[in-house]
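Report on one structure; see the data block that follows.
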Amino acid sequence: MKWIVGEKNLQQEKIVDFGNKFLVGNGYLGYRGTMEEYGKKEFTACILSGIYDQQGTAWREPINAPNGMYTKLLADGEPYDLLSCDVKDHNQQLDMRFAIHLRESVLSGKNNEVKVKSERFASAADYHLLTMNYSFSFTHSAEVQLITGIDGDVWDINGPHFADYAYHKEGAALAVEVITGELHHHVVTAETSVMNVEGRQEIIEKDKGIFRKISFSAKAGKTYTISKAVVVYTSEDVADPLTLALEESCSAIERGYDTLKKEHEKIWADYWEAADVIIEGDEEAQFALRYSIYQLLSIAPRHTQAASIPARGLSGQTYKGAVFWDTEMFMLPFFLYTDPEVGKNLMNYRIKTLNGARKKAAEYGFRGAFYAWESQENGQDACSDYNVTDVFTNRPMRTYFRDKQVHISADVAYGIWQVYLLTGDRSILLDGGAEVILECARFYCSFSYYKEEKERFELIDVIGPDEYHERVYNNAYTNKMAVYTIKIALETLELLKEEPNFYEALIDKLNYQEDLEGIIRLKRMLYVPEPDRKTGLIEQFDGYFNLEDTTVEEVRSRLINPKEYWGGAYGVASDTQIIKQADVVLLLNLFKEEYSQKDKEANWTYYEPRTEHGSSLSACIYAMQACDIGDPEWAYPYFMKTASVDLTGESKQFAGTIYIGGTHPAANGGAWMTAVLGFGGLKVNEAGIITVDPVLPEKWQKLSFKIFVKGQQYKVEISKQGSEIMKVVKS
């Protein structure tokens, strides 16, 4: 089966896309798929999880560590690199099976020709380690200079973020130590290398970096190799990141590249053993799905129990490196079924940031927990009130993502409850999850508005998943999720009564007794739009059906500038029924047992033609809904669009004038959900009973995968002839 992602020939116009496409990572760091000789102009970056900085009044964003992989060749004084030479051949690959980046180039200069090969990986055995083998051979003898070391002049969107630089050499190791401007984090990149030739070595400190210049006489046709061990630590990891980075870099190089690689490959083999989904009969779908799974495995936060996954993973600083609802609703299912500990980590991040959610609720005059729309390390909301720039005036536009997308708290509560249901482990509730759920329910009780003439509570002035329509009343998804949050809050309280001391202590801590009556009343009286008795349609929000009913193509034709934002007060979609992404259809997917097949089909048929799919989160939801109503052939193109979004690079790069490129881990999770929960029809009830009701696409002959449910692993095999669910017995 195909495991190699590859691109031939130098495609300079795709450097940014390929940086995303060929990413390697291990959850602690992500290293973009750029070439060793590239710098910040080519968007080279080593992105660190959970370390943020703000430069002036610009948006806070994650920092990029100094680049310890930098390597450049000169022969007889002439540079040999992709930016300077005639490129006779170039091949870039990613081995998904073992998460290894490979590169081969043939570069021609005035008097010589060089063949360069490299492979690198972000170690799965040591989250702080990047390592590389770099080899080259010339067609003619030459006086060679190999410049390699640590480039501290890094790419930033809203930087620079480093206020101070210090350079160190200790034994065979080099290091660049930087201090961030806002919170004064110390970040250290250390590098140690070994080469198969004796040469004259000179240490150069310049251009915010420290480099080795290794000079020697190269013989024609002989291959020279340098191995590098790069280690990154920050003051958030340890008190003395410099000493540890230097020590571990030296230790890694002493152990040898081959040993490090074998350890790394063994762990990745274990990852795939648990997470792989095998499709027989459709190589294209198999490859795309595997790539989606690779992306998720590469950025899973295994290095800590309290980190999450940003909306663009570890591919760059887009979206401020913030954590969105994407994690709970689109990535969490993959991890809960394939690596439950990572799933717990994702939700422990929300537990850790509860106080940030409380502060945000209080900021707007509410009680309880109002989670950040764009959450950073402590739960602070990085989302601006002016989050989009008008392409015509170049002025910031007032948007309401931060203050009106109140469904985020319900999404968080939903995620924590899913951890409990699928693992059967109450510790997620006892270790803070129960408190989160109760505080989210309290928020909706505080936020809701009592409509006296209708004798009901409503949620007014909100934004649902469809962001093109702001400040609406009674968004069906938001109201339904709020009611669900209250439901699970009450169920949580019943569970906690089995731990009476814990229950009493928590009720006293939160002073929750006074809220119980109001929460019970809200559950009974909060309005949730229901399917129309005649049409089966659920109105997305009050008055939606009164908006102009037109087509996506017609609305697109009204654009004056292709980078215009479709939503907001004056966006081309704002006064129409054209929506950005799945909204009502997402609601029907989450609560599919509560709605009839007829109603689900009616809403899919109505809303899909009116959906622009302006978000990578959208297609997978329509795919799963198509599976649920029994039409896998409808679902298939949406599945392929979702699974291949980072392979093709065909996604939105701008919102207004803002660059939003990068990888799409939520779409990657959506591809897995479509394959397993959609085509596979996997269902697990609250008792942990597993069933499948598959609807395989015509091409697919067989679908097989493994899942964890309540601590037990199962293997599921589905074919045209039938299905089988088997317990996995570890030998």
Side-chain angles (χ1 to χ4, degrees), residues 285 326 329-330 463-469 472 475-478 480 529-532 534-541 543-558 566-567 571-592 594-645 650-652 664 666-667 669-671 673-675 677-679 681 695 697-698:
D326 305 28
M329 308 312 293
F330 296 86
I463 303 176
D466 163 33
E467 294 175 328
Y468 288 167
H469 296 90
V472 303
N475 170 257
Y477 173 86
T478 303
K480 180 70 174 179
E530 295 291 339
D532 182 86
K534 292 182 179 179
T535 65
L537 296 178
I538 298 173
E539 190 169 28
Q540 184 173 291
F541 53 81
Y544 171 82
F545 289 144
N546 295 328
L547 298 176
E548 180 190 0
D549 191 6
T550 184
T551 65
V552 173
E553 292 72 22
E554 169 59 26
V555 170
R556 185 174 285 114
S557 74
R558 298 172 185 176
W566 287 38
V572 290
S574 300
D575 295 323
T576 76
Q577 291 186 30
I578 300 306
I579 65 176
K580 179 181 180 182
Q581 65 197 78
D583 195 310
V584 168
V585 174
L586 174 57
L587 157 67
L588 296 173
N589 265 284
L590 294 178
F591 302 99
K592 59 183 64 178
E594 298 182 27
Y595 298 93
S596 71
Q597 292 297 101
K598 182 180 177 182
D599 289 345
K600 286 185 280 190
E601 183 170 354
N603 283 278
W604 194 102
T605 304
Y606 188 86
Y607 281 105
E608 197 288 324
R610 294 165 175 82
T611 305
E612 190 242 343
H613 298 295
S615 165
S616 61
L617 311 182
S618 188
C620 66
I621 301 302
Y622 281 98
M624 286 192 287
Q625 186 71 4
C627 290
D628 191 39
I629 60 180
D631 200 323
E633 302 312 315
W634 272 0
Y636 186 81
Y638 297 98
F639 164 74
M640 289 302 296
K641 179 179 180 180
T642 302
S644 61
V645 63
E650 295 174 358
S651 61
K652 275 192 173 182
H664 297 78
M673 288 195 297
T674 302
L677 308 181
F679 295 129
V695 285
E698 186 177 350

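The figures that follow rest on heavy atoms only: side chains count, while hydrogens, waters and symmetry mates do not.
Within the 3.5 Å criterion, the main-chain N or O of Glu698 finds a donor-acceptor partner in the side chain of Glu633. The closest donor-acceptor contact from the side chain of Thr642 to the backbone of Gly670 lies at 3.5 Å or more, if one exists at all. Looking at Ser618, its side chain does come within 3.5 Å of a backbone N or O of Ala582 through a donor-acceptor pair. The backbone N or O of Ala573 sits less than 3.5 Å from a side-chain atom of His469, completing a donor-acceptor pair. Between the side chain of Glu467 and the backbone N or O of Gly567 there is no donor-acceptor pair closer than 3.5 Å. The backbone N or O of Gln577 sits less than 3.5 Å from a side-chain atom of Tyr544, completing a donor-acceptor pair.
Between atom CD of residue Gln581 and atom CG of residue Asp583 there is a gap of 7.5 Å, rounded to the nearest 0.5 Å. Atom CD in Glu548 sits 11.5 Å away from atom OG in Ser574 (nearest 0.5 Å). Taking CG of Leu547 as the reference point, atom CD of Gln540 lies at 9.5 Å (rounded to 0.5 Å). Separating the OG1 atom in Thr478 from the CZ atom in Phe541 is a distance of 11.0 Å, to the nearest 0.5 Å. Taken from OH in Tyr477 to CG in Asn589, the straight-line distance is 11.0 Å, to the nearest 0.5 Å. One finds the CG atom of Asp628 at 10.5 Å from the CD atom of Glu601 (value rounded to the nearest 0.5 Å).
Contact annotation: the side chain of Tyr468 never approaches that of Ile579 to less than 4.5 Å [non-hydrogen atoms, C-beta and beyond]. The side-chain heavy atoms of Tyr638 and Met624, taken from C-beta on, include no pair separated by under 4.5 Å. Side-chain contact between Phe330 and Leu617: present, with at least one pair of heavy atoms (C-beta onward) separated by less than 4.5 Å. Within the 4.5 Å cutoff, no side-chain heavy atoms of Glu539 are placed close to those of Pro529. Using a 4.5 Å heavy-atom threshold, the side chains of Lys480 and Ile538 count as separate. You'll find the side chain of Ile578 reaches within 4.5 Å of the side chain of Trp566, heavy atoms only.
Relative ring orientation between Trp634 and Trp604 is described as parallel, the plane-to-plane angle staying below 30° on a 0-90° scale split at 30° and 60°.
Of all heavy-atom pairs spanning Val645 and Ala667, the tightest one is CG1-CB, 3.8 Å. Closest non-hydrogen pair, Ala635 versus Ala623, comes out as CB-O, 3.2 Å. Residues Pro632 and Val695 approach most closely at CB-O, 3.1 Å, considering heavy atoms. Closest approach of Pro465 and Asn475 over heavy atoms only: CD-OD1, 3.9 Å.
When the options Val584, Leu586, Leu590 are evaluated for a side chain to side chain contact (heavy atoms under 4.5 Å, CB included) with Leu588, the one that passes is Val584. Just one of Asp549, Thr550, Asp466 meets the side chain to side chain donor-acceptor pair (under 3.5 Å) condition when paired with Arg610; it is Asp549.
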Begin with the C-alpha distance, continue with both residues' side-chain angles, and end with the deciding distance and a verdict on side-chain hydrogen bond (donor to acceptor under 3.5 Å, both in side chains) for Tyr607 and Gln625.
-> CA-CA 12 Å; Tyr607 281 105; Gln625 186 71 4; over 6 Å; no
Under the side-chain hydrogen bond (donor to acceptor under 3.5 Å, both in side chains) rule, what do Tyr622 and Thr611 come out as? Steps first, then yes or no, please.
-> CA-CA 10 Å; Tyr622 281 98; Thr611 305; 2.6 Å; yes
Carefully, step by step, assess Phe545 and Leu537 under the rule side-chain contact (heavy atoms from CB on, under 4.5 Å).
-> CA-CA 10 Å; Phe545 289 144; Leu537 296 178; 4.0 Å; yes
